[in-house]
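Quick notes on the structure that follows.
Remember, it's a predicted structure, so these values are computed and weren't measured experimentally. Quick note on labels: first sequence line is chain A, next is B, and so on, each numbered from 1.
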Amino acid sequence: MSEIDAKLLKPYEPGKTEEKVYRLWEESGFFNPDVCEEKGVTDKKAGHFSMVLPPPNVTGRLHMGHVLEHALQDTIVRFERMRGKRTLWLPGTDHAAIATQARFEKDLQKAEKKSRHDFSREDFFKMVSDFGLQNQKDMLSQMRLLGASLDWSRLAFTLDEKRELAVRTAFKKMYDEGLIYRGYRIVNWDPKGQTTISDDETVYEERKDKFYTLKYGPFEIGTARPETKFGDKYVVMHPDDKRYKKWKNGDKLTVEWINGPIEATVIKDPMIDMEFGTGVMTITPWHSHEDFALAEKYGLDKEQIIDKYGKLLPVAGEFAGMKIAEAREKIVEKLKNKGLLVSVDENYSHRVATAERTGGLIEPQIMEQWFINVTKPIPSRGNKTLKDLMYEPVKSGKIKVMPERFEKEYYHWIENLRDWCISRQIIYGHRIPVWYKGEKTRCEIDDVNEEGWTQDPDTLDTWFSSGLWTFSTLGWPEETADLKAYHPTSLINPGYEILFFWVARMIMMSQYLLGEIPFKTVYMHGIVRDSKGQKFSKSAKNGVEPEEVIKQYGTDALRMSMIVGVGPGSDLSFDIQKVKAYGKFANKMWNASRFVLEQTEGIDSENLPKMDEEDEKADEELAGLLKEITKDMEEYKLYLASEKLYEYFWHVFADVLIERSKKKIQEDKNADSARALILSHLTSLLKALHPFMPFVTEEIWSLIPGSVKGGGLPSAKLLMVEKWPI
RNA sequence: GCGCGCUUAGCUCAGUUGGUUAGAGCGUCCCGUUUACACCGGGAAGGUCCAGGGUUCGAAUCCUUGAGCGCGCACCA
């Protein structure tokens with residue numbers, strides 16, 4: 001044992017171990033369930049466990065949030081693999097369309113003072129794509145650093161060839177069935193990013209603005225946006241409002257307005273809140289979702305006031321061509337001079353929509369865009385709507401959501417859901433598979449290369465391709481063996497902030513395209529914050545690089561710090577002290593193992609000595625604990641299982657049982673019993689701890705003589721494919 | 001406005017279906033170089049479990065009211 005001693009005599013050094021151990025795992029091929037079966041590690045009749053990695057955006061590098069996600073998932077996957085299930089954890093990355101292009105454009109502007117308009121579409125696409133793929137490469141090596149036992153042979157990318165096929169197949173099916181349509185509707189236009197975004201990509205910000213009350217003929221109306229009011233020719237009030245009893249729906253009157261007289265029409269609609277302001281408002285259907293809805297309801301005229309760049313159009317008269325901010329004060333000045341300004345409330349606080357990625361102020365516009373209809377009955381799905389298809393599996397319990405409280409948010413979201421705008425005016429992404437020639441339109445899976453046909457210039461919302469992820473990664477639309485074996489997947493583990501973006505869309509797409517759920521359980525995790533509870537962000541410069549922490553304390557320690565005591569859905573504050581503590585734990589395991597191995601040299605595990613009464617009792621106690629832990633793991637309560645293992649290893653095994661064994665061995669009283677106990681404890685605990693702290697446990701395992709590990713399969717010398725100890 | 005979550009030791013948080021003196025890590029104090037480990041061991045201090053009311057033999061845990069903080073959603077011009 002002299003060679004082993006030399007290594008064991010020093011404290012545990014994760015830096016010298018982890019890379020080497022990962023290479024061993026990877027070379028073994030056991031990340032791939034096919035290899036596990038070939039080599040007899042997994043029984044042919046074994047049950048399946050499958051999960052896709054939520055594909056990180058190729059916008060940069062992995063951060064602490066990804067570490068949390070990888071730690072949780074790898075722990076679960078290693079557990080299931082050790083239990084003998086046919087286990088697939090499928091890796092991939094997300095092209096993330098707007099996010100990646102926006103990041104790239106920002107860098108490009110900074111470095112070269114150039115924009116997308118300085119390049120051809122093809123060249124620009126290539127540049128963003130190269131940027132994304134370089135990031136992807138970095139991220140994949142970071143995943144290895146985290147010990148992720150992902151099956152690299154099945155690596156996928158949302159914008160690779162196979163996924164392109166899936167996207168186009170899905171698009172065409174939805175198009176042919178009338179679920180995808182093109183039309184003029186009001187959308188969220190981001191003037192800064194020069195693209196539309198979906199409702200979910202808007203972020204509301206509380207802001208203080210001036211609120212103006214204006215004279216509109218015999219009425220007084222309120223607005224925070226006088227610059228949109230030029231064309232307002234409908235004045236709306238509640239049908240029950242006694243103050244305006246003398247006005248009837250459809251009444252016409254001429255009012256003096258910003259640029260002269262205007263013919264106004266009275267509309268009576270219960271959407272008006274009588275309590276707010278004067279109970280009267282004018283509407284701007286082109287630039288407000290609510291006004292648009294009203295205009296649709298009564299078939300009213302709609303007129304564009306502001307262009308795509310946030311500048312006023314000719315309808316604004318003398319203000320035409322001005323930017324919104326510049327025009328507002330001037331318009332108010334004019335109103336004042338005309339005696340139309342009644343009052344100004346300087347302290348009006350309201351919420352304005354901004355674009356999640358660019359921060360731009362959203363300007364609603366009516367534009368021709370592509371949408372997914374969420375309320376149309378689908379004949380091929382029993383006349384259910386996409387809303388129904390999203391709602392039902394969760395409501396019925398076919399899909400379990402953890403923690404449960406997110407179910408309510410989910411239902412609520414579905415209830416308020418409008419048609420999903422899926423077209424984007426950016427270059428990086430899946431181009432819409434529709435071609436035009438004059439008045440003719442074709443949707444095709446393969447490129448149309450015929451004379452005169454041109455493809456729609458827009459690209460798809462990135463979440464369209466992510467929505468297909470659970471099955472596009474398994475080969476769909478082809479009927480592959482993987483698809484049959486691993487879909488529906490067992491589990492999905494996203495952050496709760498993408499419940500609507502991603503989880504809902506996956507359920508929708510899978511239910512519609514495959515007629516089955518995408519996963520059985522959704523385990524949502526929280527956000528990793530800094531030690532003060534603030535969100536990590538570039539601007540706050542409070543980021544902590546995972547690599548730095550790993551270099552200092554090891555991956556095992558970092559992983560444990562993110563798992564112990566962190567329940568599903570709860571945020572956690574990153575705490576370097578906690579990492580340090582689990583680094584010490586790794587060392588503790590290392591040292592305890594040294595002692596056990598020294599004391600049990602030459603013992604044959606096939607013929608373990610008989611244990612005395614108290615040792616046998618300890619042995620049973622551990623068996624009981626392992627049973628409990630197994631149950632916790634099955635319920636994905638890793639935060640409990642990990643804490644119990646930590647507690648037991650340190651404060652029972654090391655503090656009590658090893659200390660007791662010293663005495664027995666020293667006094668040579670039941671010494672063999674003691675040896676048997678500490679050896680079997682060590683091997684069981686290493687196995688149970690392996691999913692959580694894979695590196696140190698694997699390294700220790702490699703130092704245990706083969707005779708102790710027992711017969712087993714010659715290929716199964718690695719702890720990662722040992723049998724779970726129960 | 002509707003809905004949800006959190007509030008437990010100085011700090012960060014556990015506490016699974018209500019059950020004996022409420023736990024962990026870090027921090028603080030005292031002691032200890034016992035041959036696995038000073039990245040250690042032994043011990044100690046430290047909590048009205050946000051507040052009030054209720055259910056119960058028994059509540060941090062269930063119900064109710066309130067406060068503070070946070071989050072999701074919503075058409076208040």
Gap between atoms CD1 and C1', on Ile665(A) and A36(B) respectively (whole Å): 11 Å
Partner nucleotide, any strand, of C26(B) [Watson-Crick/G-U, under 3.5 Å]: G10(B)
C1' gap between U61(B) and G15(B), integer Å: 9 Å
Side-chain N,O (Lys584(A)) to OP1/OP2 (A24(B)) below 4.0 Å: no
Sugar-phosphate only, base, or nothing, as touched by Arg351(A) at under 4.0 Å among non-hydrogen atoms: base
Touch class at under 4.0 angstrom, heavy-atom based, for Lys580(A) against every strand present: nothing
Sugar-phosphate only, base, or nothing, as touched by Asn416(A) at under 4.0 Å among non-hydrogen atoms: sugar-phosphate
Pairwise P distance, A38(B) and G47(B) [rounded to whole Å]: 34 Å
Touch class at under 4.0 angstrom, heavy-atom based, for Tyr646(A) against every strand present: sugar-phosphate
Nucleotide C37(B), atom C1' - distance to CG of Asn591(A) in whole Å: 4 Å
Distance, P atom - from C6(B) to G23(B), rounded to whole angstrom: 22 Å
Span that lies between the P atom of C71(B) and that of U65(B), in whole angstrom: 24 Å
Annotated protein contacts, base or backbone, on nucleotides 4-15 of chain B with a non-hydrogen cut-off under 4.0 Å, one of B, S, - each: SS------SSSS
Under 3.5 Å on both distances, the Watson-Crick or G-U partner of G46(B): none
Sugar-phosphate, base or nothing in reach of Gly526(A), heavy atoms under 4.0 Å: nothing
Touch class at under 4.0 angstrom, heavy-atom based, for Ile283(A) against every strand present: nothing
Touch class at under 4.0 angstrom, heavy-atom based, for Ala581(A) against every strand present: sugar-phosphate
Sugar-phosphate, base or nothing in reach of Gln666(A), heavy atoms under 4.0 Å: base
Salt bridge flag under 4.0 Å for residues Lys664(A) and Asp672(A): no
Plane angle bin for Tyr582(A) and Phe585(A) - parallel if under 30°, tilted between 30 and 60°, otherwise perpendicular: perpendicular
Polar pair under 3.5 Å, donor/acceptor by atom type, side chain Glu415(A), base A74(B): no
Touch class at under 4.0 angstrom, heavy-atom based, for Ala654(A) against every strand present: base
Sugar-phosphate only, base, or nothing, as touched by Glu659(A) at under 4.0 Å among non-hydrogen atoms: base
Electrostatic pair Glu635(A):Lys631(A) at N-O distance under 4.0 angstrom: yes
